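Notes follow once the structure below has been shown.
Because the structure is a prediction, the values reported are computed rather than measured. We're numbering straight along the sequence, starting at 1.
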Amino acid sequence: MALALHLAQTNRNLPPPNPSVGCVIVSAGMQVLGQGQTQVAGGFHAEIVALNDALARGNSVAGATAYVTLEPCSHHGRTGPCCDALVAAGIKKVVASLADPNPLVAGQGFARLRAAGVEVEVGPGAEESRELNIGFFSRMIRKTPWVRMKIAASLDGKTALNNGLSQWITSEPARQDGHTWRARACAVLTGIGTVLEDNPRLDVRGVDTPRQPQLVVVDSRLETPLDAKLFMAGRALTIFAAVVAPSKQAQLEALGAKVIHLPGITPSTDGKVDLAAMLRDVALRDINELHVEAGHRLNGSLIREGLVDEFLIYLAPKLLGQGRDMASFGPLTELDKSVGLDFKSTTMIGPDVRLIARTQGRGGF
C-alpha cells in the first residue's frame with residue numbers, strides 16, 4: 001500500500017476533479033505484476049492502468065491481489081467500472097484504503113467485488129489517502145471545496161505596508177513553494193481589491209503543472225478591468241457579483257469570463273457576494289481545493305463566516321510595524337470567541353517559516 005500511496009502522491013495534480021489514486025497488483029509472493037495511477041479526467045483510472053501495465057509486462061494477474069488507495073468505482077462515468085475490470089482480470093483480493101465518498105460509488109464497488117467472490121479488505125493507508133484527496137472528500141461529503149488560505153507576512157503579521165507595498169516580504173523559495181500549492185488546487189480565489197491594486201495573473205509559474213487552476217474572483221460591483229492580467233486563454237474565470245450590471249457583464253463575458261449574480265441576503269451581507277453560497281456554487285463546478293490568495297478584507301470575511309478550512313502561512317524574518325493585517329474581522333470582545341487552530345506542520349522554506357494550520361474540528365468535516 002505504501003507504493004500505491006506514493007504513486008497517488010506523485011500524480012496528485014493530474015486527475016482533479018477526480019481523486020488521485022494509486023494501484024499496485026502483486027502476486028502471492030508479493031512480486032509487483034503491474035502498477036498505475038489515475039490519469040487526467042476522462043482517462044484511465046489507476047486500476048485499469050495497473051492492469052494494462054501487467055499486460056505490457058507479460059504478467060498474468062489471475063489470483064493476484066490489488067492494493068488500491070480508494071474503492072474501485074462501480075459506475076459508468078467517463079470510463080467503465082473498475083470493479084468489473086478487476087473481476088474480469090481474475091483478481092482474487094482487493095485491499096483498499098477507503099470507501100469512495102462519491103454517492104455514485106459509496107460501497108457499491110466493494111459490494112460488487114464481494115458478490116463476484118473477490119475478497120475485500122478495507123483500511124490500510126486510510127488516513128494518508130483521505131489527506132491526499134481531502135478536497136474531493138470535502139466536495140462529495142460537504143458539497144463545498146476544501147478552502148485553503150495562503151498568506152505571506154512578516155513575523156509581526158503584516159502582509160503589506162500601509163501604502164500597499166508588499167513585493168516582496170517573503171523570499172523567492174517561499175514564493176516558489178506557494179506556486180506548488182497553487183498547482184495542486186482546482187481553483188484560485190481572490191477579491192477585486194487584489195485585482196485592482198496588484199493586477200495579478202494568479203497562474204502557476206516556475207513549477208511543472210499539467211494544468212492551470214481555474215480563477216474565481218469576488219467582485220461585488222463588477223469593477224474588474226477589461227484589461228486585467230487575469231484573463232488568460234484556456235483558463236476558466238468565474239466572477240461572482242452582488243449587483244446587476246448588464247453592460248459590464250456582457251463585456252466581461254465577451255472576454256471569456258462567467259459572471260454569476262449571487263448577492264447576500266442578510267443585512268451584514270447586503271451589497272456583497274454571499275460567500276457561503278459561492279462555495280456551494282464552486283463545488284458544483286467540480287472544484288475540490290480552493291486556494292485563496294486575497295487581501296485582508298476578503299480574508300477577514302471568509303474567516304468571520306467560518307469558511308476557511310486550512311491556513312498556509314509564510315512568515316518572513318522581518319518586522320514591518322504598522323501595515324496591513326493578515327485579515328480584518330472583529331473586533332472580538334472575548335478571547336473565547338477567537339478562531340481556534342490546530343498546527344499541522346512547521347517547515348523552513350529558505351529563510352522563511354511555512355506554517356500549516358487548520359480550523360479546529362474542520363479536518364474531520
Side-chain angles (χ1 to χ4, degrees), residues 1-102 104-133 136-137 184 208-211 288:
M1 187 60 77
L3 176 55
L5 287 165
H6 174 73
L7 290 169
Q9 176 73 29
T10 57
N11 204 46
R12 179 182 57 198
N13 294 350
L14 185 61
N18 291 338
S20 184
V21 179
C23 178
V24 178
I25 302 174
V26 300
S27 66
M30 296 304 290
Q31 174 191 356
V32 174
L33 303 174
Q35 62 185 39
Q37 308 144 296
T38 298
Q39 300 303 297
V40 66
F44 289 133
H45 291 186
E47 297 92 330
I48 307 303
V49 177
L51 289 171
N52 289 340
D53 182 47
L55 181 64
R57 298 186 192 196
N59 294 329
S60 170
V61 299
T65 297
Y67 287 83
V68 60
T69 59
L70 194 67
E71 176 184 7
C73 67
S74 58
H75 67 294
H76 287 271
R78 296 184 180 96
T79 61
C82 291
C83 61
D84 292 352
L86 293 172
V87 170
I91 295 294
K92 180 180 178 180
K93 181 178 179 179
V94 170
V95 180
S97 297
L98 285 167
D100 191 328
N102 186 339
L104 296 176
V105 184
Q108 296 179 61
F110 292 149
R112 285 169 67 163
L113 288 169
R114 291 185 174 113
V118 178
E119 181 183 351
V120 176
E121 179 184 344
V122 183
E127 182 177 354
E128 296 93 331
S129 179
R130 187 177 186 277
E131 279 293 313
L132 179 63
N133 292 297
F136 177 74
F137 274 77
R184 67 172 280 172
D208 289 336
T209 180
R211 55 175 175 78
N288 293 337

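Atoms CD1 and CG, on Ile91 and Leu51 in that order, are 6.0 Å from each other to the nearest 0.5 Å. Atoms CD1 and SG, on Ile48 and Cys73 in that order, are 7.5 Å from each other to the nearest 0.5 Å. With rounding to the nearest 0.5 Å, the separation of CD in Gln35 from CG in Leu3 is 5.0 Å. Rounding to the nearest 0.5 Å gives a distance of 12.0 Å between SG of Cys83 and CZ of Arg114. The CG atom of Asp100 sits 7.0 Å away from the CZ atom of Phe137 when rounded to the nearest 0.5 Å.
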Q: Determine, step by step, whether Thr10 and His6 satisfy the side chain to side chain contact (heavy atoms under 4.5 Å, CB included) criterion, reporting the C-alpha distance in whole Å, the side-chain angles of both residues, the deciding distance to 0.1 Å, and the verdict.
A: CA-CA 6 Å; Thr10 57; His6 174 73; 3.5 Å; yes

Q.
As a quick check of understanding, evaluate side chain to side chain contact (heavy atoms under 4.5 Å, CB included) for Asn18 and His45, giving each step before the final call.
A. CA-CA 9 Å; Asn18 291 338; His45 291 186; 4.3 Å; yes

Under 3.5 Å, which donor-acceptor pairs do the side chains of residues 20-33 form with other protein atoms, sequence neighbours left out?
unit_1 : atom_1 : unit_2 : atom_2 : d
Ser20  : OG     : Ala8   : O      : 2.6
Ser27  : OG     : Gly29  : N      : 3.3
Ser27  : OG     : Gln31  : N      : 3.0

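Minimum heavy-atom separation, Thr38 to Ala46: OG1-N, 3.3 Å. Closest of all the heavy-atom pairs between Thr209 and Arg211 is OG1-O, 2.6 Å. Shown here for Gly36 and Ala50, the closest heavy-atom pair between the two residues is N-CB, 3.8 Å. The two residues Pro72 and Val94 make their nearest non-hydrogen contact at CG-CG1, 4.3 Å. When every heavy atom of Ala126 is checked against every heavy atom of Ser97, the shortest pair comes out as CB-O, 3.4 Å. Minimum heavy-atom separation, Pro17 to Phe136: O-CD1, 3.6 Å.
A salt bridge (Lys or Arg N to Asp or Glu O under 4.0 Å) check over residues 123-132, counting only residues at least two apart or in different chains, returns the pairs Glu131-Arg358. Sorted by first and then second residue, the salt bridge (Lys or Arg N to Asp or Glu O under 4.0 Å) pairs involving residues 43-56 (not counting sequence neighbours) are Asp53-Arg57.
Scored by the side-chain contact (heavy atoms from CB on, under 4.5 Å) test, Ala99 finds Glu71, Phe110 as partners (sequence neighbours excluded). With sequence neighbours left out, Glu119 forms a side-chain contact (heavy atoms from CB on, under 4.5 Å) with Lys93. For Asn288, the side chain to side chain donor-acceptor pair (under 3.5 Å) partners are Arg139, not counting sequence neighbours. A search for side-chain contact (heavy atoms from CB on, under 4.5 Å) contacts involving Gln39 returns Asn11, Leu14, Gln37, Val49, not counting sequence neighbours.
Between the side chain of Ser129 and the main chain of Thr69, a donor-acceptor pair closer than 3.5 Å is present. Judged by distance alone, the side chain of Ser74 and the main-chain N or O of Pro81 form no donor-acceptor pair under 3.5 Å.
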